[in-house]
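Below: one structure, written as structure tokens.
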Number of protein chains: 2
Amino acid sequence: MTADIRADHRPAAPPLTERQEARRRRILNASAQLAARGGFDAVQMREVAEAAGVALGTLYRYFPSKIHLLVATMQDQLQHMHTTLRKRPPAGADPAERVAETLMRAFRALQREPQLADAMVRALTFADRGVSPEVDTVSRLTTAIILDAMGTEHPTPEQLSAVRVIEHTWHSALITWLSGRASIAQVKIDIETVCRLIDLTAPEAAARR
Amino acid sequence: MTADIRADHRPAAPPLTERQEARRRRILNASAQLAARGGFDAVQMREVAEAAGVALGTLYRYFPSKIHLLVATMQDQLQHMHTTLRKRPPAGADPAERVAETLMRAFRALQREPQLADAMVRALTFADRGVSPEVDTVSRLTTAIILDAMGTEHPTPEQLSAVRVIEHTWHSALITWLSGRASIAQVKIDIETVCRLIDLTAPEAAARR
DNA sequence: CGCTAATCTAGAACAAGTTACAGACTTGAT
DNA sequence: ATCAAGTCTGTAACTTGTTCTAGATTAGCG
């Protein structure tokens with residue numbers, strides 16, 4: 001990504017110097033580490049700044065709010081996941097299976113760091129208009145992961161809608177799990193349920209109708 | 001509902017006196033009014049207390065956090081919507097249509113007060129474990145509305161999963177719309193897309209498989 | 001009525017996100 | 001090497017959610 005300080009913005013801000021890149025990295029790492037410990041609440045801006053060896057004002061220059069910081073953290077983690085997944089693509093026979101498998105794999109990864117997941121997902125859904133560009137980036141990354149799993153090069157609008165619905169379900173199911181209102185089994189079922197939409201919106205299925 | 005002070009809790013708290021009921025009502029109204037003006041941020045606990053003519057400490061006794069307050073506000077609004085919808089049931093021929101129609105009607109209602117919608121939905125998705133019972137109540141209410149629209153008395157587990165997925169999509173689509181990342185048209189398409197799951201999980205469809 | 005426990009009020013105090021600012025340090029261009 | 005512009009640091013202040021406290025009020029009961 002090599003994003004400039006304010007993540008991805010319109011006028012393509014100046015590139016970062018090496019030390020700035022390092023600072024940004026330290027901040028993101030500190031954020032992830034604190035989040036992994038105690039979730040959303042444990043990511044306190046003063047603590048992040050201290051852990052990253054950076055002044056509070058500098059932290060805010062790099063990430064204009066706690067939400068921005070956590071969304072950027074999520075972006076970072078998603079990137080990892082994407083490359084990991086690419087190395088070991090899902091094995092299912094049809095697209096719906098592969099997507100479900102991919103999402104469940106991601107889900108298991110999140111289960112290993114539930115607090116981190118909590119912090120990132122809460123930030124994502126709490127983000128308001130001011131964070132739209134960043135949230136959008138995360139959304140595009142997620143879409144890319146799902147399309148990868150489907151193996152679909154040129155999705156139809158119908159398929160894109162199905163993918164959006166899958167993303168909606170994914171985020172929302174994650175939240176219900178994180179807040180203890182749904183079991184892991186239930187999340188699995190819901191993901192499998194929603195993935196059926198993929199078959200339903202496949203071009204051949206449309207032709208069959 | 002006539003919930004006691006701490007909404008619905010296990011040991012069925014004591015009933016409220018008339019004055020307490022009135023206070024609770026004033027608080028919820030103040031909350032909705034402030035939210036309708038300026039969204040989540042405009043609902044400031046001191047302001048709510050003042051507008052409701054109640055001390056800050058009292059407000060916190062009735063609703064132990066801003067999130068609780070807003071979730072209760074949502075519960076309140078949903079109740080209205082549910083009775084309204086019952087008076088004028090959706091007219092579509094098959095269940096999927098009727099659910100889509102119902103949700104779009106609800107969506108249009110929210111469009112009339114986008115700021116209020118923002119405050120309520122953000123609170124709902126931001127709620128952590130501590131608010132689970134209240135969030136669950138909202139979820140059950142939503143489920144009831146959808147099942148009403150389907151006209152299904154005894155849903156199968158499969159159908160319940162479909163309903164959950166629809167709820168996920170509904171919340172999450174709402175969020176993307178509220179944060180300006182999706183158009184109204186897109187929300188409509190996504191809702192219609194997810195509603196197809198209803199046909200797909202209808203008992204006859206299962207038999208056909 | 002008179003008592004006791006629960007509730008309510010007003011206001012201070014505390015916590016964490018955010019902003020502001022003065023002075024030191026870096027960077028890039030000349 | 002020097003200068004101007006931009007960054008970074010340290011620190012204090014401000015905002016808003018939340019907690020706490022002491023004293024007034026109210027509700028239920030004998």
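To find a chain, count down the sequence lines: A is the first, B the second, and so on, and within it residues start at 1.
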*Does any donor atom in the side chain of A:Ser161 or B:Thr193 lie under 3.5 Å from an acceptor atom in the other side chain?*
yes
*Could you list all the ring-ring contact (aromatic ring centres under 6.0 Å, His included) pairs where at least one residue sits in residues 175-199 of chain B, not counting sequence neighbours?*
B:Phe107-B:Trp177
*asked:* Within residues 114-127 of chain B, which residues have any heavy atom lying less than 4.0 Å from an atom of DNA chain C?
replied: none
*What pairs meet the side chain to side chain donor-acceptor pair (under 3.5 Å) rule with one or both residues in residues 144-157 of chain A, with sequence neighbours excluded?*
A:His82-A:Asp148, A:Arg86-A:Asp148
Just how far, in rounded Å, is [atom2] of [N] from [atom1] of [X]?
X	N	atom1	atom2	answer
A:Glu21	C:dT26	CD	P	19 Å
A:Arg61	D:dT7	CZ	C1'	6 Å
B:Glu18	D:dA27	CD	C1'	13 Å
A:Arg24	D:dT7	CZ	P	15 Å

Please table the atom pairs, donor to acceptor, closer than 3.5 Å between any side-chain atom in residues 27-37 of chain A and protein atoms at least two apart or in another chain.
residue	atom	partner	partner atom	Å
A:Asn29	OD1	A:Arg25	NH1	3.3
A:Ser31	OG	A:Thr73	OG1	2.9

_At less than 4.0 Å, is any side-chain N or O atom of A:Tyr62 found next to OP1 or OP2 of D:dC8? Yes or no._
yes
*Distance check: side-chain N/O of B:Gln20 vs OP1/OP2 of C:dA6, anything under 4.0 Å?*
no
List, with names and distances, any nitrogen or oxygen atoms from the protein found under 3.5 Å away from nitrogen or oxygen atoms belonging to nucleotides 17-25 of chain D.
residue	atom	partner	partner atom	Å
D:dG17	OP1	B:Val43	O	3.4
D:dG17	OP1	B:Lys66	NZ	3.0
D:dG17	OP2	B:Met45	N	3.1
D:dG17	N7	B:Arg46	NH2	2.5
D:dG17	O6	B:Arg46	NH2	2.8
D:dT18	OP2	B:Tyr60	OH	3.0
D:dT18	OP2	B:Lys66	N	2.9
D:dT18	O5'	B:Tyr60	OH	3.4
D:dT18	O4	B:Arg46	NH1	3.3

Any pair with a residue in [range] that passes salt bridge (charged side-chain N to carboxylate O under 4.0 Å, His left out), sequence neighbours left out, goes on the list, sorted by first then second residue, please.
range	value
residues 162-191 of chain B	A:Asp136-B:Arg181, A:Arg164-B:Asp190, A:Asp190-B:Arg164, B:Lys188-B:Glu192
residues 41-55 of chain A	none
residues 104-116 of chain B	B:Glu101-B:Arg105

*Qualifying residues under ring pair (Phe, Tyr, Trp, His ring centres under 6.0 Å), relative to A:Phe126, sequence neighbours excluded*: B:Phe40, B:Phe126
